[in-house]
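Below: one structure, written as structure tokens.
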Amino acid sequence: MLDAKFVRDNADEVRAALAARDYSWDIDGFLALDATRRELIGAVETLQARRNEASKAIGALMKSGERDQAEAAKDEVRRINDEIGAIESRTTEADAQTREMLLTIPNMPDASVPCGSDESENVEVRRWGTPPEFAFEPKAHWDLGPELGVIDFERGVKLAKSRFVVLGREGARLTRALISFMLDTHGQRGYREWWVPALANAETLTATGQLPKFEDDLFKTGEGLYLIPTAEVQLTNLHRDEVLEASDLPLDYTAYTPCFREEAGSAGRDTRGMIRVHQFDKVELVKFATPETSMDALEAMAADAEHILQQLGLAYRTVVLCTGDMGFAAAKTYDIEVWLPSYNDFKEISSCSNCTDFQARRAGIKYRSPGEFRGSRFVHTLNGSGLAVGRTLVAVLENYQRTDGSVEVPEVLRPYLGGQTEIRPHV
RNA sequence: GGAGAGGUGGCAGAGUGGUUGAAUGCGGCGGUCUCGAAAACCGUUAGGCGGGUUACCCCCGUCUCGAGGGUUCGAAUCCCUCCCUCUCCGCCA
């Protein structure tokens, strides 16, 4: 959410930002609404001031026993109240409409973000490792997984529906190993680990920006709760409506959760394999930082996510998303893309964003810094995958496959698999 | 699921219809003291919105004591509905 005052005072900049995102939002309608709203507020408050004054006078008149005058004043106040009532409903409505509109405007892109309309205009900022060269035709995980008995697509469909998978044997164990490895590694690098609910209420999802605009992407329960699409939602909301101390910042959090996505708008994309499924595992990173340090914090977060890939020996590249490809809440986003032989290309495995004060304003997350400034200010929130576990499993299987159909286990994961060094087909 | 208690400022905790946005304590900030610090003492310290001014400070008004509605000239204080927390009982793990 942007501040109404900011939109009002920086209309041209906001217009440019919306254009850069190719996002349609009725800024002229908003400005008109905002003007009406302020006019109504002025009218109501003037009347309220008169009412308060008169009521105070009534108290005094009653004390001094001047009943007749008091009764006359009461009539006056009743009249004012009628007037207030007439305007107030319009004010309330204008307020609600204003908030509604503000909830649907995306964040302002950071000045350093390249302008562009879609992912083809994202800019690569660095590359690490070398994609493996195979002396044989490498298999895609949708063949390799079932052959090894570690991914079962048919049974995923049987148990739930299409785009759900079942993992067996080393598929299940490797998933658990990856989760532990990622959490342990981030923990050693200063992140505090959490365990959070997999369901969230509407207020929580509104605070991080999934609602009200993107309800179709979420699974909803009969209780009005939603399955979380990412742990970002819960980790960020941990501090909703709180005032943090500047001396405690930055706060670096991590959590493993399952993630659930309806993927309503993605029919036909990545239909093969387990790249895009309704339920997947993810280890998430979230930071709360001061405005002055949040961009540095974003760099650090991306480095932490990349560190996992480096440890796993998986080639990747990091791109900065252009304005047209960025998410709703983000001011700047790095996507980290791992090399996948099946795609013969890099594929997103982590997305790290600085949401600046966009979520903090919705969520009421502020910080205080006595001596530096009075009162409190909104913090900056950041989130990133560290990493998407399912896609990491895929990357390991595909990149570490050998000519005999077996898969080597990356060094760092072996302690988590009881020393196992390879995965072989089960006959 | 049943019964009871409660939701107040950064935190703790007073306050049952009239200058109460709100005592007191803690914490924070400023000051006195000190070489410096601690202690002590003095002062100060909620947020949203609108307007004036707009770089900042500041000033005025208004709303906010879980949420929404009602009673009243006037509500943190009375009434209703909802949400949440706690305690006990039941049930389940």
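Quantities reported herein were computed from a predicted structural model and do not represent experimental measurements. We name chains A, B, ... by the order of the sequence lines, and we start the count at 1 in each one.
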Pairing of R192(A) and D252(A) as salt bridge, 4.0 angstrom limit: no
Rounded to whole angstrom, note down the C1' distance from U64(B) over to G2(B). 36 Å
P-based separation of U44(B) from A23(B) [nearest Å]: 12 Å
Could you write out RNA chain B as a dot-bracket string, with dots for unpaired bases, | for bases paired across to another strand, and Watson-Crick or G-U pairs counted at under 3.5 Å? ((((((((.[[[..)..(.....]]]((((((.......))))))(((((((.....))))))).[[[[[..)....]]]]])))))))....
Can the ring centroids of H380(A) and F358(A) be said to lie less than 6.0 angstrom from one another? no
Distance, rounded to the nearest Å, where D68(A) contributes CG and C73(B) contributes P: 16 Å
Round to a whole Å and report the spacing from CD of E88(A) to C1' of G69(B). 13 Å
Walk along nucleotides 45-66 of chain B from 5' to 3' and tag each nucleotide B, S or - by protein heavy-atom contact under 4.0 Å, base first, then sugar-phosphate. --SSBSS------S--BBS---
Going by an N to O cut-off under 4.0 Å, is there a salt bridge joining E263(A) and R276(A)? yes
Plane angle bin for F153(A) and H141(A) - parallel if under 30°, tilted between 30 and 60°, otherwise perpendicular: tilted
What integer number of Å spans the C1' atoms of A14(B) and G6(B)? 15 Å
Check the orientation of F288(A) and H239(A). Use parallel for under 30°, tilted for 30 to 60°, and perpendicular for over 60°. perpendicular
Taking the six-membered ring for Trp, are F328(A) and F214(A) ring centroids under 6.0 Å apart? yes
Which value, in whole Å, describes the distance between the P atoms of nucleotides A22(B) and G10(B)? 14 Å
Say we look at U71(B) and U81(B): how far apart would their C1' atoms be, to the nearest angstrom? 15 Å
How many whole angstroms separate atom CG of L244(A) from atom C1' of G28(B)? 15 Å
Here's a test for you: under side chain to side chain contact (heavy atoms under 4.5 Å, CB included), which of T257(A), L218(A), T208(A) qualifies with V233(A)? T208(A)
Can you confirm if the aromatic rings of W195(A) and Y256(A) lie within a centre distance of less than 6.0 Å? no
Roughly how many Å apart are G9(B) and G21(B), using the C1' atom of each and rounding to a whole number? 9 Å
Can you tell me if D68(A) has over 12 outside heavy atoms packed within less than 6.0 Å of its CG? no
Would you please indicate if the ring centroids of F280(A) and F164(A) are separated by under 6.0 Å? no
Less than 4.0 angstrom from a charged side-chain N to a carboxylate O is my criterion; do E71(A) and K74(A) meet it? yes
Let me know, please, whether I58(A) or V243(A) comes out on the 5' side of the other along RNA chain B by nearest nucleotide. V243(A)
Whole-Å distance between C83(B) C1' and E203(A) CD? 11 Å
Rounded to whole angstrom units, what separation is found between the CZ atom of R368(A) and the P atom of G27(B)? 14 Å
Determine the Euclidean distance between corresponding P atoms of A38(B) and C49(B); express it in Å to zero decimal places. 36 Å
Interatomic spacing from CG in L382(A) to CD in Q359(A) - rounded to 0.5 Å: 9.0 Å
In numerical order, the residues of residues 78-87 of chain A whose heavy atoms come under 4.0 Å of RNA chain B are R78(A), N81(A)
A12(B) versus G28(B) - spacing of their C1' atoms, nearest Å: 15 Å
